[in-house]
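Computation of the quantities below employed the complete heavy-atom set of this structure, encompassing side-chain atoms and omitting hydrogens, waters and symmetry-equivalent molecules. No experiment lies behind these values; they were computed from the predicted model shown. Along the sequence shown, the residues carry numbers beginning at 1. For ligands, and for the atoms within them, numbers begin at 1 and follow the listed sequence.
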Amino acid sequence: EYFIYLRKIVTSMPYDKFNGFLFSNPKFFDVNYKINPYMHGSVDKYKSWSEWSKIVYKFRKYNRSVHAVDYQTYDRGKRNIENLPDVVFVANHAMPVPDDGFILANMNDKEREPEPYYFNEWADYNDYNVRTINENLSFEGCGDAKWHPEENKVWMGHGIRTDEQAVNRVDDMINAEVEKLELQTDDYYHLDVCFEPLGKNEAVYIPEAFSSDSAQKIENAFDNLIEVCDEDKETMGGNCALIEKNRVFIDKVNNCTAKKLRSEGYKTVHVDTEEFMKAGGSVDCLFLRVP
Ligand code: ARG
């Protein structure tokens, strides 16, 4: 415990405006509707549990505050959580705001609409401040919000799931610079499947996911852009996750992109998200940072 604590203090961590990570367990994970082009196939329940557990375990090696919530304990028998196969993707349930709390999501598709209720219950129970935005605006939490690891700035995606108006609302609500990025294809339906800022001057991205103005914005903001390799695009290479300074979690099949990251000085940690890819998600969708 003590050494882990010390390690946390001595390494200068990006994202140190957040205290830990939250996961939501995959008890009811499945693929039985299609709201993004990746969704297909049948889920191996045992495999999804085992992949998810290994990821949580690996996160615990690098952070002492990794929590896993069982949303069913907040179900109160009324809301039929067993009909919500995507609740494992907790990244979409809210956006954390440093030193403040969370802004709750409003899901774009009716299939996922009941999900943020569970997050809200968890956050309430744990004494977090939770704010909401107008329920007529779609806002999919960290799926479309990526905090800059070293600046008081957040990049926000809109155009496919999250409404631009919702981004404007968030901008009014928080004390940080908001940079809007317009998404333009269903393949890259969330910002977190095509963009991951890694530091002051570096980010991973997929240029064709963005409108030309937004791609330009990214190109102007970072000197060193690491493009996801073509062969890794279908397997969520863009959904890699910086979890502490210079350390990136990425699915093990994305060898080409992982190699690029290592040649830029990053350490890569390889995880297996094969089952979750059947729903259109990989490692970055499976957790939410908590303030
Ligand atoms: N099936 C889910 C959806 O389409 C996957 C969400 C993945 N999460 C993410 N942050 N990209 O909404």
Interfacing atoms of ligand 1 (cut-off 4.0 Å, heavy-atom, [X]):
| X | answer |
| --- | --- |
| Gly143 | 10 (N) |
| Met39 | 1 (N) |
| Phe89 | 5 (C), 6 (C), 7 (C) |
| Asn92 | 6 (C), 7 (C), 8 (N), 9 (C), 10 (N) |
| Arg161 | 3 (C), 4 (O), 12 (O) |
| Tyr189 | 4 (O), 5 (C), 6 (C), 7 (C), 11 (N) |
| Asp192 | 9 (C), 10 (N), 11 (N) |
| His190 | 8 (N), 9 (C), 10 (N), 11 (N) |

Name the closest protein heavy atom to [atom], giving the residue it belongs to and the distance to 0.1 Å.
| atom | result |
| --- | --- |
| atom 3 (C) of ligand 1 | Arg112 NH1, 3.4 Å |
| atom 2 (C) of ligand 1 | Asp86 OD2, 3.3 Å |
| atom 9 (C) of ligand 1 | Cys285 SG, 2.8 Å |

| note | Residues pairing under ring pair (Phe, Tyr, Trp, His ring centres under 6.0 Å) where one sits in residues 250-291, two or more places apart or in two chains, turn out to be Phe21-Phe287, Phe29-Phe276, Phe59-Phe287
| query | Between Asp109 and ligand 1, which residue portion shows a heavy-atom distance shorter than 4.0 Å: side chain, backbone, both, or neither? | reply | neither
Is there a donor-acceptor contact under 3.5 Å linking the side chains of [X] and [Y]?
| X | Y | value |
| --- | --- | --- |
| Glu135 | Asn106 | no |
| Asp251 | Thr273 | yes |
| Gln216 | Asn220 | yes |
| Glu219 | Tyr205 | yes |
| Arg112 | Asn92 | yes |

| Are the charged groups of Lys233 and Glu227 less than 4.0 angstrom apart, N to O? |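 Salt bridge: no.
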| query | So is there a nitrogen or oxygen of Val193 less than 3.5 Å from a nitrogen or oxygen in ligand 1? | reply |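 By distance alone, the answer is no.
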| message | Just to verify, which of Lys27, Glu121, His93 counts as forming a side-chain hydrogen bond (donor to acceptor under 3.5 Å, both in side chains) with Tyr71? | response |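 The option that passes is His93.
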| task | Please verify whether a non-hydrogen atom of Glu140 lies at under 4.0 Å from ligand 1. | result |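 For ligand 1, residue contact (heavy atoms, under 4.0 Å) with Glu140 is absent.
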| said: Suppose we screen for ring pair (Phe, Tyr, Trp, His ring centres under 6.0 Å). Which residues come up paired with Tyr188, at least two apart in sequence or across chains? | reply: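 Expected list: none.
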